[in-house]
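Numbering of residues begins at 1 and proceeds along the displayed sequence.
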Amino acid sequence: MINAYAATEKGGKFTPYQYEPNTLGDHEVEIEVHSCGICHSDLSMWQNEWGMTQYPFVGGHEVAGKVLAKGKHVKHLELGDKVGLGWHKGYCNVCDLCIGGDHNLCPEQEGTIIGNHGGFADKVRAKDTSVIKIPEGLDFNTVGPLLCGGVTVFNPLMQYDIKPTSRVAVIGIGGLGHLALQFANAWGCEVTAFTSSSKMEEAKELGAHHSLNSRDDSEIEKAVGSFDLIISTVNVDMNWDLVIKTLKPKGKLHFVGILEAPLEIATAPMIMAQKSLSGSPVGSPSTLRKMLDFAARHNIQPVTETYKMSEINEAFERLESGNARYRVVLERD
């Protein structure tokens, strides 16, 4: 029996919930949950913002724990290993994308909390490909937010072969952005933060060499032609034509935050300077492994607020308020 916390209706309170899992599959792993981050995607699913939530809803896709049981064909993990589980709990492993290493783009991917029960529980199960061994140097409360937010901002550094000599900007210093600053700095890049005036000094403490007031067009204009890559983590509209002007020729504006409104831009500046717009989800299992190794090597850690699993409703209230700094983590009681 798995003991979890579930919401039985849209935006409802999380209450204790038990369910009986199926027989453990040959390629499945059962994880004893030690901590689980709460991501904004959990909030969106809880409130059924995407119209696909199934209730009772057991969220949690930033899971850190230990291998409690494994199927007979699981080869890369042993009982007691420290492991993590992110947004995906499984892939088909046979399509061209999976075979090519792009599991995160697999059309048959299984979401950890989409149609499944996640890590707001004492145990959770997933396919072996999705379960990542945690390197030494990362503790349970640190690693959870890296498994979703961390890999989301690390992925573009890998995908676009960003060099240590590159100039990288990050728009928005929140749950994603504060990690993007740390990764880009440790990558060796010159890093600029687009943020509100109240967060400029904090952005520099997190790894930014420079900061720009994202609400002041005249200040942004000073950076025209500056950046090889801009990672946007926000969901609000900006003067995107002006932002694109801050890219160098062949520069990329990359979205990891989902905008609330359609993007409207002038195409001529894109064409004439061969600039690109792009986006990406979380990373593949291979990218997850590299990201965790990189984070351990460079002591990259999320800024977190920690609650007990039994305090899940208070934790969701904190996240919903928008005042959390910067990731909320549940640890087992």
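Across every non-hydrogen atom of K10 and Q47, the tightest pair is CE-O, 3.0 Å. A pairwise comparison of heavy atoms in V63 and C36 identifies CG2-SG, 3.9 Å as the closest pair. Counting all heavy atoms, side chain and backbone alike, R332 lies closest to M309 at CA-CB, 4.3 Å. The nearest pair of heavy atoms linking S41 to H61 is CB-CE1, 3.8 Å. Across every non-hydrogen atom of S278 and H254, the tightest pair is OG-ND1, 2.7 Å. Here the shortest heavy-atom pairing between L179 and G149 reads CD1-C, 4.0 Å.
Using a 4.5 Å cut-off on side-chain heavy atoms (C-beta onward), L85 and S130 make contact. No side-chain heavy atom of V83 sits less than 4.5 Å from a side-chain heavy atom of V29. A heavy-atom distance below 4.5 Å is found between the side chains of R318 and N323. Counting heavy atoms from C-beta on, the side chains of L97 and P107 come closer than 4.5 Å. For the pair I2 and D122, the minimum side-chain heavy-atom distance is below 4.5 Å. Contact check for P269 versus D241: no side-chain heavy atoms found under the 4.5 Å cut-off. Between V143 and S35, every side-chain heavy-atom pair lies at or beyond the 4.5 Å cut-off. Contact of the V282 side chain with the L288 side chain is not registered, since no non-hydrogen atoms from C-beta on lie closer than 4.5 Å.
Within a 6.0 Å radius of CE in M52, other residues, nucleotides and ligands contribute more than 12 heavy atoms. Counting heavy-atom neighbours within 6.0 Å of D333 CG, excluding the residue itself, gives a total above 12. Crowding of H34 atom NE2: a count of heavy atoms from other residues, nucleotides or ligands under 6.0 Å exceeding 12.
By the rule that hydrophobic residues join a cluster once side-chain heavy atoms approach within less than 4.5 Å of another member, I134 and V33 end up as members of one cluster. Residues V236 and I173 do not share a hydrophobic cluster, clusters being chains of Ile/Leu/Val/Met/Phe/Trp/Tyr side chains in contact below 4.5 Å. Transitive grouping of hydrophobic side chains (ILVMFWY, heavy atoms separated by less than 4.5 Å) brings M45 and L176 into a common cluster. Put simply, I231 and I258 are part of two different groups of oily side chains (I, L, V, M, F, W, Y) that touch within less than 4.5 Å, one to the next. Under a hydrophobic-cluster definition in which Ile, Leu, Val, Met, Phe, Trp and Tyr are linked whenever side-chain heavy atoms come within less than 4.5 Å, directly or via other members, L330 and L43 are assigned to the same cluster.
Looking only at distances, no side-chain donor or acceptor of D237 sits under 3.5 Å from a matching main-chain atom of L259. Using modelled atom types, no side-chain atom of T246 and backbone atom of L242 make a donor-acceptor pair closer than 3.5 Å. Looking only at distances, a side-chain donor or acceptor of D42 sits under 3.5 Å from a matching main-chain atom of C39. With hydrogens and angles disregarded, a donor-acceptor distance shorter than 3.5 Å links the side chain of E219 to the backbone of N213. The main-chain N or O of P56 is never found under 3.5 Å from a side-chain atom of T8 such that the two would form a donor-acceptor pair. In this structure a side-chain-to-backbone donor-acceptor pair under 3.5 Å is missing from Q54 to I114. Side-chain N or O atoms of T53 include none that pairs as donor or acceptor with a backbone N or O of W46 at under 3.5 Å. A donor-acceptor pair is defined here as one N or O able to donate and one able to accept, closer than 3.5 Å; such a pair exists between the side chain of D228 and the backbone of R167. Judged by distance alone, the side chain of Q182 and the main-chain N or O of Q301 form a donor-acceptor pair under 3.5 Å. Side chain of R125 to main chain of N22: a donor-acceptor pair is present (N/O by atom type, distance under 3.5 Å, no hydrogens or angles).
Using bins of under 30°, 30° to 60° and over 60° for the plane-to-plane angle, the ring pair F14/F316 lands in the tilted bin. Ring-plane geometry between F294 and H298 is classed as tilted, the angle between the planes lying from 30 to 60 degrees on a 0 to 90 degree scale. In this pair, H73 and H27 present their aromatic rings tilted. The plane angle is within the 30 to 60° band.
A donor-acceptor pair shorter than 3.5 Å cannot be found between the side chains of S166 and Y160. In this structure, a donor-acceptor pair under 3.5 Å is absent between the side chains of T304 and N141. A donor atom on one side chain and an acceptor atom on the other are not found under 3.5 Å apart for S286 and S284. When only modelled atom types and interatomic distance are considered, E190 and H209 share no side-chain donor-acceptor pair under 3.5 Å.
Screening I31, D81, V74 against V67 for a side-chain contact (heavy atoms from CB on, under 4.5 Å) leaves a single residue, D81. In summary, of the residues considered (T195, V153, L206), a side-chain contact (heavy atoms from CB on, under 4.5 Å) with L181 occurs for L206 alone.
Ion pairing between a basic and an acidic side chain is recognised when a charged N comes within 4.0 Å of a carboxylate O; E331 and K308 show such pairing. Comment: K70 engages E78 in a salt bridge, judged by a side-chain N to carboxylate O separation of less than 4.0 angstrom.
At least one cation-pi condition fails for K127 and Y91: the charged atom is not both under 6.0 angstrom from the six-membered ring centre and inside a 45 degree cone around its axis.
The CG atom of D217 lies 10.0 Å from the NZ atom of K245; values are rounded to the nearest 0.5 Å. Atom CG of D102 and atom OG1 of T287 lie 8.0 Å apart (nearest 0.5 Å). Taken to the nearest 0.5 Å, the CE atom of M270 stands 8.0 Å off from the NZ atom of K275. Put simply, CG on N104 and CH2 on W87 are 13.0 Å apart, with the number rounded to the nearest 0.5 Å. Taken to the nearest 0.5 Å, the CE atom of M238 stands 10.0 Å off from the CZ atom of R215. To the nearest 0.5 Å, atom CH2 of residue W187 and atom CD1 of residue I300 are 9.5 Å apart.
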Going through the checks in order, is the side chain to side chain contact (heavy atoms under 4.5 Å, CB included) test met by N116 and V124? CA-CA 10 Å; N116 295 295; V124 67; over 6 Å; no

Start with the C-alpha distance between I113 and F57, add both sets of side-chain angles, then the distance that settles side chain to side chain contact (heavy atoms under 4.5 Å, CB included), and finish with yes or no. CA-CA 8 Å; I113 62 171; F57 168 67; 4.2 Å; yes

Side chain to side chain contact (heavy atoms under 4.5 Å, CB included) between Q109 and H103, intermediate numbers included: CA-CA 8 Å; Q109 61 188 239; H103 297 72; over 6 Å; no

Which is it for Y5 and F120 under the ring-ring contact (aromatic ring centres under 6.0 Å, His included) test, yes or no, and what are the steps along the way? CA-CA 6 Å; Y5 285 91; F120 298 159; 8.7 Å; no

Is there a side chain to side chain contact (heavy atoms under 4.5 Å, CB included) between F183 and L146 once you walk through the steps? CA-CA 11 Å; F183 277 120; L146 294 176; 4.3 Å; yes

